[in-house]
Amino acid sequence: MVSLKLAALAAAVVSLAAAVNITVSSEGGNATSPHQYGFLHEDINYSGDGGLYAELINNRAFQGSAVYPVTLAHWYPINGAALSLQNLSEPLSTALPISMNVAAGKANSSVDSCNQSKTIIGFYNDGYFGMDVKIKKYTGSFWVKGGYDGVFEASLQSNITGEVFGSTTVKSMSTSLEWIEHQFELTPEKDAPNSNNTFAITFDAGGIEDNSLDFNLISLFPPTYKGRKNGIRVDLAEVLEEFHPTLFRFPGGNMLEGLTKNTWWDWKNTIGPLKDRPEFDGVWGYPQTNGLGLMEYLYLAEDMGMEPIVAVYGGMALDGSVTPQDELQYFIDDALNEIEFIRGPATSKWGSVRASLGHSEPFKLQYVEVGNEDWLAGGAEGWATYMKYRFPMFLEAISTAYPDIEVISSGSVFDNYTIPEPGAGDYHIYGTPDSMVEQYDLFDNVTIPHIIGEAAAVHPNGGTDWDGGLMEYPWWGGAIGEAVSLIGYERNANKIIGACYAPIIRSLDSWAWASTMVQFAADPALTTKSTSWYIWELFAGHLMTHTLTSTADFIPLYYVTGKNEDTGAYIFKGAVYNSTNEADIPVSLSFDGVEAGTEAELTILTGPENPYGYNDPFTGVNVVKTTKEKVVASEDGVFEFSLPNMSFSVLNTGSSALSKRSEMRHGQRG
Ligand SMILES: *[C@@H]1O[C@H](CO)[C@@H](O)[C@H](O)[C@H]1NC(C)=O
Ligand SMILES: *[C@@H]1O[C@H](CO)[C@@H](O)[C@H](O)[C@H]1NC(C)=O
Ligand SMILES: *[C@@H]1O[C@H](CO)[C@@H](O)[C@H](O)[C@H]1NC(C)=O
Ligand SMILES: *[C@@H]1O[C@H](CO)[C@@H](O)[C@H](O)[C@H]1NC(C)=O
Ligand SMILES: *[C@@H]1O[C@H](CO)[C@@H](O)[C@H](O)[C@H]1NC(C)=O
Ligand SMILES: *[C@@H]1O[C@H](CO)[C@@H](O)[C@H](O)[C@H]1NC(C)=O
Ligand SMILES: *[C@@H]1O[C@H](CO)[C@@H](O)[C@H](O)[C@H]1NC(C)=O
Ligand SMILES: *[C@@H]1O[C@H](CO)[C@@H](O)[C@H](O)[C@H]1NC(C)=O
Ligand SMILES: *[C@@H]1O[C@H](CO)[C@@H](O)[C@H](O)[C@H]1NC(C)=O
Ligand SMILES: *[C@@H]1O[C@H](CO)[C@@H](O)[C@H](O)[C@H]1NC(C)=O
Ligand SMILES: *[C@@H]1O[C@H](CO)[C@@H](O)[C@H](O)[C@H]1NC(C)=O
Ligand SMILES: *[C@@H]1O[C@H](CO)[C@@H](O)[C@H](O)[C@H]1NC(C)=O
């Protein structure tokens, strides 16, 4: 994908005059929808369960499978209680067949303040690498079966000292006849000093009818983003919202495909009451709860003002198994049902299911992708079947039923795919800084619309090996490489709908991947914006509705110019990568139609001297420096400024940088 034109220019750059004069024409640009910025999310190593999904209890419903045997992991007994897994003849639900039995075991009794003898037993859970405990309202629930006359005590405490930060009692309604849900709220009296905490439930074994009680679906949520039940972790949602994403691709990624053809991410298993959501065989080495399901993803998109790109299962799993042509109709029908669930009227079959779950208005849905990276897991045959019948069959069915939906193939024209009309493509790049820079003109001659469904700089220059040479964190040189690639995509906004950073967040306790835009752990104090976050924020914060053509060569200054019709602003975005002659590039910039004396705000991002510098979550030091200056157009209407080596900048003449999302239009065919 190395562009010869760029390589030739790179060789010539040494002799170029230092100053760059850019004259932006008011004609000849591309009338487009705003080129959008967003992200891909899937449950990569506890970035769904244990990450975005705010549930604090790990292994809350003892879910497992042949691949991931059910365990008592993360559950610990209190006062010698005997904990065991049970497969009861009357389970909580078919979806959650296994529960935890709690018996007195070798418990000691104690005497309370009223000289009553009690045998307090129970269990605790240590969460996803701990739990954040602060003075705020936690909402919990658990299901119990077995006769018990007494109270349960729910508490949050230190896993190191045992100190209790808050507790509440829950009156038992439990009986031996059926499973009963108990709900409670718990507000700690003090903040825990660190996140090494646990959640415990105890009860008096003296009050139980038989020898034991059975528990299942033990759940605890802190306050969630926008207060949604079963919702999203607030600090992570906020750090994402702050970069102004408008595109959201889910549920993957590999997760969509599943490990085998029987265990793809079936959206129907992810909706409705939690007790009816079975385990999902996660593709990153652990079982998932399906708690972060289709509705939760859609609410996140809606709450954050993002357009969903929903990927539907395309008939190929990660083990390479492909659905034969004569069996594919099942999955096509299933995809149509899923789309109806998302945006069908409340009177339709699946739209009514959505309405019954609390959202009678259809969700917005314009983009549907079929499968994920079908050129990869199934080898040559997987890709051949995708091109031969799988994508064409989905494309025809979906675009016939929903002509306004852009149906996106999981490969791009650079995978040698002549994408059939009216389909679009998806291009993924995990590159070195230099290869990200080569993206600059990659799409100049492409006519088919595409999304950039996954993009990130992950290798240092010279490194391409997935098993080595991956950077631990996004770093400044990589972020500037990404900036050049994004400029290239935005220059081609008439055919590129938008770009998604991937994967978006990563648990510091279980790294499955190199670079992610945001790092996190149980302790919100470790939530860290990477160098890439600052770059993407500046792009997304200054959306253009039109690109405008301009004169001037590029290298080492790469740029795009345009206008936002909603705000009336003229916008320039420019990145300097590896300047050779002088460190700072003097720029003279004029827009046809911008008069003398016009004021603009110039925001310049620069990084550390060492291009390998990064934002370390454990020091909290931000290596990205943001400077803002006011520049005024000269008598000739020229903005004069200079841009440093390894920088990304935006000049905006408007007062309001953000375009109105509500008026966002959709990509037009180039
Ligand atoms: C760039 O523009 C400035 C004035 O805006 C002019 O003095 C200079 O000669 C121009 N340089 C080039 C290389 O065209
Ligand atoms: C849109 O931009 C491309 C360059 O990316 C250019 O070739 C094309 O002519 C432009 N289209 C219009 C309508 O100006
Ligand atoms: C019960 O008490 C005995 C005697 O003090 C002690 O050895 C034992 O560890 C206690 N058991 C539990 C489960 O705490
Ligand atoms: C539970 O027991 C039933 C009946 O023996 C069996 O069919 C089922 O496979 C068991 N389920 C699990 C998850 O062990
Ligand atoms: C509890 O019992 C002890 C002796 O067994 C007695 O000394 C004490 O006064 C009693 N306390 C109360 C509150 O009844
Ligand atoms: C909590 O403490 C137990 C016992 O010391 C330990 O095994 C467990 O790893 C701790 N949990 C966490 C999340 O550190
Ligand atoms: C939590 O504390 C326990 C006991 O000191 C220790 O074993 C564990 O490693 C700690 N976990 C974390 C995540 O700090
Ligand atoms: C596309 O075709 C070119 C030329 O035949 C080949 O070098 C390249 O490997 C192909 N790419 C893919 C993804 O098949
Ligand atoms: C696009 O096409 C033009 C005209 O054929 C050619 O000069 C240019 O090198 C091409 N650009 C790329 C990136 O392939
Ligand atoms: C991802 O999580 C799985 C399951 O816990 C674990 O086996 C794997 O080692 C993790 N990956 C990394 C790189 O930590
Ligand atoms: C840019 O500079 C870096 C660091 O010196 C180097 O690794 C890279 O190859 C250079 N890239 C180009 C295109 O000059
Ligand atoms: C620009 O930065 C790159 C990467 O650090 C470096 O290789 C290059 O020498 C710098 N150029 C100048 C003029 O300092």
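All ligand and atom numbering here is 1-based and tracks the order in the structure. The figures that follow rest on heavy atoms only: side chains count, while hydrogens, waters and symmetry mates do not. Numbering starts at 1 and runs along the sequence shown.
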Asks: So is there a nitrogen or oxygen of N159 less than 3.5 Å from a nitrogen or oxygen in ligand 6?
Replies: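 Looking only at distances, the answer is yes, because the N/O contact criterion of under 3.5 Å is met.
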Asks: Looking at G130, which atoms of ligand 6 are within less than 4.0 Å of one of its heavy atoms?
Replies: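 Those atoms are 13 (C).
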Asks: Under 4.0 Å and counting heavy atoms only, is there anything from the protein next to atom 12 (C) of ligand 3?
Replies: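 Yes, there is one.
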Asks: Aromatic ring centroids of W511 and Y473 under 6.0 Å?
Replies: yes
Asks: Within the 4.0 Å heavy-atom shell around D441, which atoms of ligand 9 are there?
Replies: 13 (C)
Asks: Please tell me whether F443 and Y427 form a close aromatic pair, meaning their ring centres lie under 6.0 Å apart.
Replies: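 Yes; Y427 has its ring centre under 6.0 Å from that of F443.
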Asks: Under 4.0 Å from atom 5 (O) of ligand 3, is there at least one protein heavy atom?
Replies: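 No, there is no protein heavy atom closer to it than 4.0 Å.
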Asks: Could you tell me if the side chain of V24 sits less than 4.5 Å from the side chain of F572, heavy atoms only?
Replies: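 No, side chains not in contact.
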Asks: Does some side-chain heavy atom of L557 sit less than 4.5 Å from a side-chain heavy atom of I22?
Replies: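 Contact flag for I22/L557 side chains = yes.
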Asks: Taking E42's backbone N and O only, do any of them form a donor-acceptor pair with S47's side chain (distance below 3.5 Å, no angle check)?
Replies: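 Checked: pair present.
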Asks: Any atoms of ligand 9 less than 4.0 Å from a non-hydrogen atom of N445? List them with their elements.
Replies: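 In order of number, 1 (C), 2 (O), 3 (C), 8 (C), 10 (C), 11 (N), 12 (C), 14 (O).
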Asks: Less than 6.0 Å separating the ring centroids of F152 and F184?
Replies: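 Judged by ring-centre distance (under 6.0 Å), F152 and F184 do not meet the cut-off.
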Asks: Taking C-beta and beyond as the side chain, do R491 and I496 meet within less than 4.5 Å on heavy atoms?
Replies: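 Of all side-chain heavy-atom pairs linking I496 with R491, none is under 4.5 Å.
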Asks: Which of the numbered atoms in ligand 3 are under 4.0 angstrom from any heavy atom belonging to G80?
Replies: 13 (C)
Asks: Specify side chain, backbone, both or neither for N196, according to which of its non-hydrogen atoms lie closer than 4.0 Å to ligand 6.
Replies: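 It is the side chain that touches ligand 6; the backbone stays farther off.
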Asks: Counting heavy atoms only, which of N197, D509, D126 is nearest atom 8 (C) of ligand 6?
Replies: D126
Asks: Closest non-hydrogen protein atom to atom 2 (O) of ligand 3, residue and atom name please, with distance?
Replies: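 For atom 2 (O) of ligand 3, the nearest protein heavy atom is N108 ND2, 2.2 Å.
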Asks: Can you report which non-hydrogen protein atom sits closest to atom 7 (O) of ligand 6, along with the distance?
Replies: Y76 OH, 3.8 Å
Asks: Below 6.0 angstrom between ring centroids: does that apply to Y128 and Y53?
Replies: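 Ring centres of Y53 and Y128 not closer than 6.0 Å.
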